[in-house]
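These numbers come from the heavy atoms of this one structure, side chains and all, not from hydrogens, waters or symmetry mates. So you know, we letter chains A, B, ... as the sequences are listed, proteins then strands, and number each from 1.
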Number of protein chains: 2
Amino acid sequence: MKAVRKVDDKNKTREAILNATETIMREDGYAAVSSRRVAAEAGLKSQLVHYHFGTMDELFLALFQRADAQNFDRHMQLMTAPNPLCELWKLNTDRKGMGLIFEFMALANHREALRKEIARANVRTRSLQISILKRALDESGVPLDKFPPNVLSLLMAGAALELVTEASIGVHDAHSDTLKFVENLLQSIEPIHATTKTVG
Amino acid sequence: MKAVRKVDDKNKTREAILNATETIMREDGYAAVSSRRVAAEAGLKSQLVHYHFGTMDELFLALFQRADAQNFDRHMQLMTAPNPLCELWKLNTDRKGMGLIFEFMALANHREALRKEIARANVRTRSLQISILKRALDESGVPLDKFPPNVLSLLMAGAALELVTEASIGVHDAHSDTLKFVENLLQSIEPIHATTKTVG
DNA sequence: GTCTATAGGCCGATAGAC
DNA sequence: GTCTATCGGCCTATAGAC
């Protein structure tokens with residue numbers, strides 16, 4: 001009984017620390033993340049951060065892994081979605097999901113462990129996206145060499161990244177035109193259809 | 001005579017500080033940039049950083065402005081290039097030019113002055129790219145509504161950003177396929193021709 | 001324009017008690 | 001698992017002499 005209690009406390013504290021870290025990174029950037037700041041945000045003592053995560057590097061790594069796991073799960077759900085291409089585009093352009101990407105990329109520039117982890121996550125997600133896209137293209141009868149799934153995945157990611165990046169600095173100059181263009185293109189591959197397929 | 005000497009010294013010191021800041025940002029990220037580190041890298045006293053730039057925020061701002069001016073100049077040169085579309089793609093995918101983008105974007109997340117400046121630079125460059133693309137499309141007789149220049153500019157920037165981003169973390173999974181795809185597309189708009197136009 | 005000196009503050013991480 | 005106490009270090013920025 002007591003052991004279970006301790007484990008629960010441990011996980012709760014860990015989650016609280018990760019949540020606090022994420023909040024600070026979103027609001028003030030990674031450079032503002034310190035064991036003292038995180039502890040204050042979570043209502044804890046700073047030494048607990050070190051107890052649960054060791055170094056600050058390991059804390060960043062754990063936060064990235066949690067975010068990546070969530071992102072991967074959301075992709076997995078698209079494997080059985082009725083209109084995966086459209087859903088994939090929505091997922092890519094979700095600003096909240098992308099909010100920490102620059103912080104992590106900047107961190108990765110000089111933290112080798114994190115760089116490797118981001119690379120691993122990128123490859124894994126790309127691979128899943130390719131499976132999703134293959135199915136979408138197959139179902140629509142689009143020849144795979146017209147839009148190779150791996151190329152499509154990268155280009156969609158790029159377009160979405162640019163849109164989210166610019167939006168984050170308050171620039172929206174060609175956005176509605178680009179959204180129209182991309183959505184037209186995606187619809188030409190995957191026509192809209194109802195969630196429940198109708199006969200015929 | 002003496003006044004000129006002072007001004008030269010001033011500019012030299014300023015440049016040395018900016019160069020040192022850039023080096024540190026590339027190697028260890030923006031969080032590693034401190035007045036002491038910059039001064040050490042440049043062989044100066046840390047107080048000179050404050051004398052010449054005031055706060056660290058202003059130093060980051062000045063460095064961004066210098067980089068943006070260089071980038072804008074390189075774009076201007078494309079206004080008279082023989083194959084601007086191809087050159088624009090090269091410029092966008094130049095990894096050295098993009099090296100600090102994540103650092104600045106991460107900084108911009110919580111430094112308002114820098115965010116505004118990056119937004120301004122983004123709009124200005126986008127606008128110039130659109131002019132360049134219009135000319136390229138006109139010369140090739142491609143109808144502007146097939147590839148609207150503003151959309152094309154954003155999509156090229158996005159594709160390039162994704163390629164550079166992944167390359168920076170050591171991922172190259174779909175890169176050669178994507179490069180072939182994009183370059184084929186660009187060549188269908190702007191066929192390769194020699195630097196000196198032949199009569200014909 | 002560059003120097004010395006210094007104020008005032010936050011940082012990561014550990015040791016040892018409970 | 002959480003506490004108190006603490007070491008040693010780097011930080012921004014300013015004041016005032018030259």
For nucleotides 3-14 of chain C, give me one character per nucleotide, 5' to 3': B if any protein heavy atom sits under 4.0 Å from the base, S if the only such contacts are to the sugar-phosphate, - if neither. SBB-----BBBB

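- Under the rule for a side-chain contact (heavy atoms from CB on, under 4.5 Å), the partners of A:Gln70 that lie at least two apart in sequence or sit in another chain are A:Arg66.
- Residues satisfying the side-chain hydrogen bond (donor to acceptor under 3.5 Å, both in side chains) test with B:Arg135, not counting sequence neighbours, are B:Glu139.
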In a table with atom names and distances, give each donor-acceptor pair under 3.5 Å that connects a side chain of residues 140-152 of chain A to protein atoms at least two apart or in another chain.
residue, atom, partner, partner atom, Å
A:Ser140, OG, A:Ala136, O, 2.9
A:Ser140, OG, A:Ile189, O, 2.6
A:Asn150, ND2, B:Asp177, OD2, 2.9

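- The list of salt bridge (Lys or Arg N to Asp or Glu O under 4.0 Å) pairs with a residue in residues 151-170 of chain A, not counting sequence neighbours, reads A:Glu162-B:Arg126, A:Glu166-B:Arg126.
- Scanning for side-chain hydrogen bond (donor to acceptor under 3.5 Å, both in side chains) contacts around B:His50 gives an empty result, with sequence neighbours left out.
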